[in-house]
Enquirer: 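Supplied in structure tokens, the structure appears directly below.
Order of the sequence lines fixes the chain letters, A, B, ..., with proteins taken first and strands second; residue numbering starts at 1 for each chain. Computed from a predicted structure; not experimentally measured.
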Protein chains: 2
Amino acid sequence: MTQLDAVHASSSREQTMSRRPAAREEARPRVLVVEDDPSLAVMLRYNLEKLGYQVEEAADGQEALLRVAESAPDLLLLDWMLPSLSGIEVCRQIRRRPQTRDLPIIMLTARTEEQDSIRGLNTGADDYITKPFGMEALAARVRALLRRAQPQASGLRQFADIVLDGTEHRVQRAGRPVHLGPTEYRLLEFLMQHPRRVFSREDLLNAVWGADIHVEARTVDVHIRRLRKALNAPGEVDVVRTVRTAGYALDLEPV
Amino acid sequence: MTQLDAVHASSSREQTMSRRPAAREEARPRVLVVEDDPSLAVMLRYNLEKLGYQVEEAADGQEALLRVAESAPDLLLLDWMLPSLSGIEVCRQIRRRPQTRDLPIIMLTARTEEQDSIRGLNTGADDYITKPFGMEALAARVRALLRRAQPQASGLRQFADIVLDGTEHRVQRAGRPVHLGPTEYRLLEFLMQHPRRVFSREDLLNAVWGADIHVEARTVDVHIRRLRKALNAPGEVDVVRTVRTAGYALDLEPV
DNA sequence: GGCATGGTGTCATCGAACTGTCATCCAACT
DNA sequence: AGTTGGATGACAGTTCGATGACACCATGCC
């Protein structure tokens, strides 16, 4: 028992890093309400909390950006008209930063404001709803957006200093961008789904190429080599472990 | 061809040995088909049963979750478009529960639905196949996934301060990593399956080398020696017991 | 169309790791 | 002491993964 625990403990070090997005997922989704009218804000908070969301508030555009940056909510409910910084401007700034590019935003607009101009103008919002609105309508939009956004969150995979962004199809190692061909990308993607685990060439062919495609087993070697070449900068440890007669694994310890 | 067959043969040996201890494993693998189109469902059932699987069915997402929870199938064939709860959503819910996190899932999608978005977007499925598909393609995927899922059960083995991790293909003694050649690895793996039990050289040849391979019996001595050398650091007790005229065993007591 | 480019699968070759065998030595039993 | 069976070191042959080269295809660009 003690031994097993020891092994687990030593090997779970990196896992805690890669588990971060999952930990947040467990909690209720957090909605940031940006609304300068206090009575409306209170109403929104009340209803959203009843629906099971955590609610944070911001009264103007400046505060909104601040809160988005530091508490990374899962969804933004954004009033169109705001003091200090208009809703459109907030939207634009949020879209500009890579960390918040995919944050779902719902705009709250007054009926008088022309909907066409909102729709036509590229605000960057994902959805909008005109005031006054019913709570069911809002709830439906919130649910839909959160559901859509969810996979994006888990599209991010991390192992050691390697980050694979599934939605952007992008790979980094130690912050530096890494260019991979399509096959190498899928290969890495698959290996990152089961870090440390050893896969035979046949496993990899099935998973990366497809079960019904016939390709020489040795071809895997070549792609592993290309993956290594792209991933390992001079001086860095090789992240691909070769296990003789067994296959390959994504791993730090070469032995 | 020859290559693949060789791989099959050698790797299936380990699998039969590392069969899960549970009683229900003797049965054929059970596949749950989640498909709302009755004619397709019938076709799938017919073909899968012909391939030797047990087939269960569910017509929508709700029923799918229910059946997964109560009958714990070995593999899920999941239609992308479903009434009441989409395939993606089913997938996500299954992945959320620890008991079903490793359940292999194959998605069935229509050709029009973008394949990239399925593969790229992290749906949580292990594989997918576009609709219309040939039965061989499906069979290949099912086989591949079931094979991959199986060895997970027999991951970690331990004897005294020795830990052998089957999925990672790693060996440790007293926390220190131990490097073994393929033969020594299989030898240790076999010995660890029956600690303390004494095996004759012939037993070991059959189990580790294979019944049909002809190798000099004395060769076992050499590999036992290599295993000892790798396993026993200076000052540690020898974990391999020699029983004169009988064979070897994994044991702590020297006598 | 023709050309460049980047990606892919296959092959021949190289070198390191592994393997099986033997001769020799040593310890245990008779 | 003599015999038997295991341990050990050496070694030659083999296997297996790494590597570089190359021909083939797409795709995009002039």
Enquirer: What protein N or O atoms touch nucleotides 25-28 of chain D N or O atoms at under 3.5 angstrom, if any, and at what distances?
Expert:
none

Enquirer: Do the side-chain N and O atoms of R141(B) and N206(A) include a donor-acceptor pair separated by under 3.5 angstrom?
Expert: no
Enquirer: Check this for me, if you would: do R176(B) and E236(B) make a salt bridge, where the nitrogen-to-carboxylate-oxygen distance has to be below 4.0 angstrom?
Expert: yes
Enquirer: Under the side chain to side chain contact (heavy atoms under 4.5 Å, CB included) rule, collect the residues that match up with P182(B), sequence neighbours excluded.
Expert: R244(A), T245(A)
Enquirer: Describe, as an angle rounded to 10 degrees, how the axis at the first end of the helix from dG1(C)-dC30(D) to dT30(C)-dA1(D) is tilted relative to the axis at the last end, five pairs per end.
Expert: 20°
Enquirer: In whole angstrom, what separates I224(B)'s CD1 from dG20(C)'s P?
Expert: 13 Å
Enquirer: Would you mind checking if R196(A) and E253(A) are paired as a salt bridge, meaning a charged N to carboxylate O distance below 4.0 Å?
Expert: no
Enquirer: Would you give the length of the straight line joining atom NE2 of H214(B) to atom OG1 of T219(B), rounded to the nearest 0.5 angstrom?
Expert: 9.0 Å
Enquirer: Rounded off to whole Å, could you give me the CG-to-P distance for the L187(B) and dT19(C) pair?
Expert: 11 Å
Enquirer: Could you tell me if the side chain of R95(B) sits less than 4.5 Å from the side chain of I105(B), heavy atoms only?
Expert: yes
Enquirer: Nearest 0.5 Å, what's the CG-CG distance between N232(A) and D238(A)?
Expert: 4.5 Å
Enquirer: Does R92(A) come within less than 4.0 Å of E89(A), counting only side-chain N to carboxylate O?
Expert: yes
Enquirer: Can you list the steps and then say if L75(B) with L32(B) is a side-chain contact (heavy atoms from CB on, under 4.5 Å)?
Expert: CA-CA 6 Å; L75(B) 186 139; L32(B) 174 59; over 6 Å; no
Enquirer: With distance as the sole test, does D127(B) use its side chain to make a donor-acceptor pair with the main-chain N or O of I106(B) at under 3.5 Å?
Expert: no
Enquirer: Quick one, give me the B/S/- string for nucleotides 6-11 of chain C, reading 5' to 3', where B means a protein heavy atom under 4.0 Å from the base and S means that only happens at the primed atoms, P, OP1 or OP2.
Expert: -SBBBB
Enquirer: Would a distance-only check, ignoring hydrogens and angles, find a side-chain to backbone donor-acceptor pair under 3.5 Å from D74(B) to R30(B)?
Expert: yes
Enquirer: Got a sec? Which of residues 241-251 of chain A come in under 4.0 Å of DNA chain D, heavy atoms?
Expert: T242(A), R244(A), T245(A), Y248(A)
Enquirer: Among residues at least two apart in sequence or on other chains, which ones pass side chain to side chain contact (heavy atoms under 4.5 Å, CB included) with R201(B)?
Expert: A217(B), R218(B), V220(B), D221(B), Y248(B)
Enquirer: Quickly work out the D221(A) CG to dG17(D) C1' distance and round it to whole Å.
Expert: 6 Å
Enquirer: Between R201(B) and K229(B), just flag the one whose closest nucleotide in DNA chain D comes earlier from the 5' side.
Expert: R201(B)
Enquirer: Starting at atom CG of L227(B), determine the distance to atom P of dG6(D), rounded to an integer number of angstrom.
Expert: 17 Å
Enquirer: Does a side-chain heavy-atom distance below 4.5 Å link D165(A) with V171(A)?
Expert: no
